[in-house]
Participant: 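The structure follows.
Along the sequence shown, residues are numbered consecutively beginning with 1. Atoms considered below: every heavy atom in the structure, side chains included; atoms not considered: hydrogens, waters and symmetry mates.
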Amino acid sequence: MSTLKTTRRMAMGLVAAATATFGLQANAGGHGIDLTGKTVEWIIPFSETGGSAKWANFYAPLLSEALPGQPTVVVKFMPGAGSTKGANYFHEQEYDDGTLIFGSSGSTQFPFLLGDPRVKFDYADWNVVLASGTGGVAYLPPELAAKMDGLDASGLKDTDFIYGNQGATRLDLVPTLAWGMLSLNVESVMGIKGRGDGRLMFERGEANIDYQTSSSYLSGVTPLVEAGTAVPMMTWGALSDAGDIVRDPTFPEIPTFKEVCEATNGCETSGEKWDAWKAFFIAGFPAQKMVFLPRGATADAMVTYTAAFEAVKARADFAEISGKRLGKYPQMTGAAAEAAKASGTNVSPDAKAFIVNWLQEKYGVSLN
């Protein structure tokens, strides 16, 4: 069975299960919690310069306004080990009074999916109250972008690229595998603490290829494009209802990786490598960022936070302000968030096996 069919069949079952699960959670409580006079700490396991920071900083004041008692919501950055430091810390915490939440990213999900030995957390113990889809854009300096012939990236194959990489098992495997499929020679400088640090490397001339998630691209890279110092190469695309890769709704004028791959000799959009790339794209981007309450969270707390995020989404100006900061992507609560969590924390055994072998061959990283 193909990865796509497996993923979509799994997702359909997970949606039904999530709907039932969330219904039980909501009906078990429903009275909510009062956060008057309290401070909510929102842990982000990355640096202050990346897409997760911009996502959390966008939502924090809106969440503060929507929660009962209007508590102060403070974003606390806890970078390290490609986000597993902050995730492991959060996993050690148990629900107390609703004043601790956690924001994960695809770079947190991928080590979990791949069995990274540094992972001490389990998504099954966490309680999702928001799931945000996003996209990603790869970009180049103008002199290198000029080597492309339309969508054909063959002219870049003789270039030596440098890329700031958060870690082999992190979300960065989506762009690095894509560039490898295009036969680009990309050397990774490992260990940056957030994608914003990768952008800074690009700005300083220390890297000559980069990608950012949509929120960071909108705020951090768009000015570079407008100044003529960066040129978008491609997006990773978006997933249609039929499971196909289509153009990103936030950047409809930029071609997708699939389009560039189809136009570049030697790159194929079928077979096990493509299936693996697509599986991890699905796990990493349509449900790329999620907000969790810690294990043991009460039904009242779940209802409170879910209602607060739903109130934020219901604001008359939400589409406008979120589109400018986050892009045009689903912001999911309730059963939809549960289903997104499930799709973001599951990949087929074939896709996982391919990526594990690829990581060993490319980086010498052993996860077996």
Side-chain angles (χ1 to χ4, degrees), residues 46-47 49-53 79 81-83 105-108 110-111 114 116 134-148 153-217 220-222 224-225 229-237 251 254-257 260-261 264 266-267 273 276-277 280-281 284-285 288 355 358-365:
F46 301 98
S47 69
T49 60
S52 290
S83 82
S105 168
S107 284
T108 319
F110 281 16
L114 292 167
D116 190 313
T134 192
V137 185
Y139 56 99
L140 300 165
E143 64 274 14
L144 294 182
K147 291 188 174 185
M148 291 186 65
S154 299
L156 297 171
K157 292 180 181 180
D158 62 352
T159 300
D160 292 327
F161 288 102
I162 300 294
Y163 172 65
N165 194 319
Q166 294 178 100
T169 63
R170 307 308 185 249
L171 192 62
D172 296 64
L173 73 81
V174 169
T176 52
L177 179 56
W179 292 324
M181 292 168 67
L182 293 170
S183 300
L184 303 189
N185 180 28
V186 179
E187 179 181 349
S188 288
V189 176
M190 292 294 190
I192 65 169
K193 294 183 178 180
R195 285 268 27 97
D197 299 306
R199 188 196 75 246
L200 293 175
M201 286 179 63
F202 182 92
E203 291 187 58
R204 294 192 295 257
E206 298 165 359
N208 57 356
I209 194 168
D210 191 43
Y211 111 90
Q212 296 291 319
T213 54
S214 297
S215 57
S216 190
Y217 183 88
V221 183
T222 298
L224 305 181
V225 174
T229 59
V231 177
M233 177 188 184
M234 58 189 177
T235 71
W236 309 134
F251 309 103
I254 304 176
T256 66
F257 165 55
V260 173
C261 183
T264 303
C267 189
K273 186 177 292 187
W277 181 87
F280 275 81
F281 160 76
F285 285 89
Q288 210 255 357
I355 294 297
W358 175 76
L359 290 170
Q360 176 68 60
E361 293 174 1
K362 183 171 179 63
Y363 299 110
V365 173

Participant: Regarding D197 and S47, do their side chains bring together a donor and an acceptor under 3.5 Å, going by distance alone?
Facilitator: yes
Participant: Give me each pair satisfying salt bridge (Lys or Arg N to Asp or Glu O under 4.0 Å) with a member in residues 174-186, each pair once, sequence neighbours excluded.
Facilitator: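 Pairs touching residues 174-186 that pass the test: none.
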Participant: Look only at the side chain of S214 and the backbone of T134, and say whether a donor-acceptor pair between them is shorter than 3.5 Å.
Facilitator: no
Participant: With sequence neighbours excluded, what pairs up with A168 under the side chain to side chain contact (heavy atoms under 4.5 Å, CB included) test?
Facilitator: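 Side chain to side chain contact (heavy atoms under 4.5 Å, CB included) check on A168 returns M190, L359, Y363, V365.
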Participant: Between atom CE of M201 and atom CD1 of I162, what is the distance when rounded to the nearest 0.5 Å?
Facilitator: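 Going from CE on M201 over to CD1 on I162, the span is 7.5 Å.
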Participant: Distance from L184 atom CG to D160 atom CG, nearest 0.5 Å?
Facilitator: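 It comes to 11.0 Å.
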Participant: So how far is it from T256 OG1 to M234 CE, rounded to the nearest 0.5 Å?
Facilitator: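 If we round to the nearest 0.5 Å, T256:OG1 and M234:CE are 9.0 Å apart.
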Participant: Please round to the nearest 0.5 Å and tell me the distance separating atom CZ of R199 and atom CG of D210.
Facilitator: 8.5 Å
Participant: Nearest 0.5 Å, please: how far is CZ in F110 from CG in L173?
Facilitator: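 With rounding to 0.5 Å, CG (L173) is 5.0 Å from CZ (F110).
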Participant: Quick one: side chain to side chain contact (heavy atoms under 4.5 Å, CB included) partners of S83, sequence neighbours excluded?
Facilitator: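 For S83, the residues satisfying side chain to side chain contact (heavy atoms under 4.5 Å, CB included) (neighbours in sequence not counted) are P45, F46, T108.
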Participant: Which atom pair, heavy atoms only, marks the closest approach of A145 to L140?
Facilitator: CA-CD1, 3.9 Å
Participant: Test L171 against Y211 for side chain to side chain contact (heavy atoms under 4.5 Å, CB included), laying out the working first.
Facilitator: CA-CA 11 Å; L171 192 62; Y211 111 90; 3.2 Å; yes
Participant: Carefully, step by step, assess F202 and N208 under the rule side chain to side chain contact (heavy atoms under 4.5 Å, CB included).
Facilitator: CA-CA 6 Å; F202 182 92; N208 57 356; 5.5 Å; no
Participant: According to ring pair (Phe, Tyr, Trp, His ring centres under 6.0 Å), who are the partners of F281, at least two apart in sequence or on a separate chain?
Facilitator: W277, F285
Participant: May I have all residue pairs that pass salt bridge (Lys or Arg N to Asp or Glu O under 4.0 Å) and include part of residues 173-188, sequence neighbours excluded?
Facilitator: none
Participant: Could you tell me which residues satisfy side-chain hydrogen bond (donor to acceptor under 3.5 Å, both in side chains) with S216, sequence neighbours excluded, listed by chain and number?
Facilitator: Q212
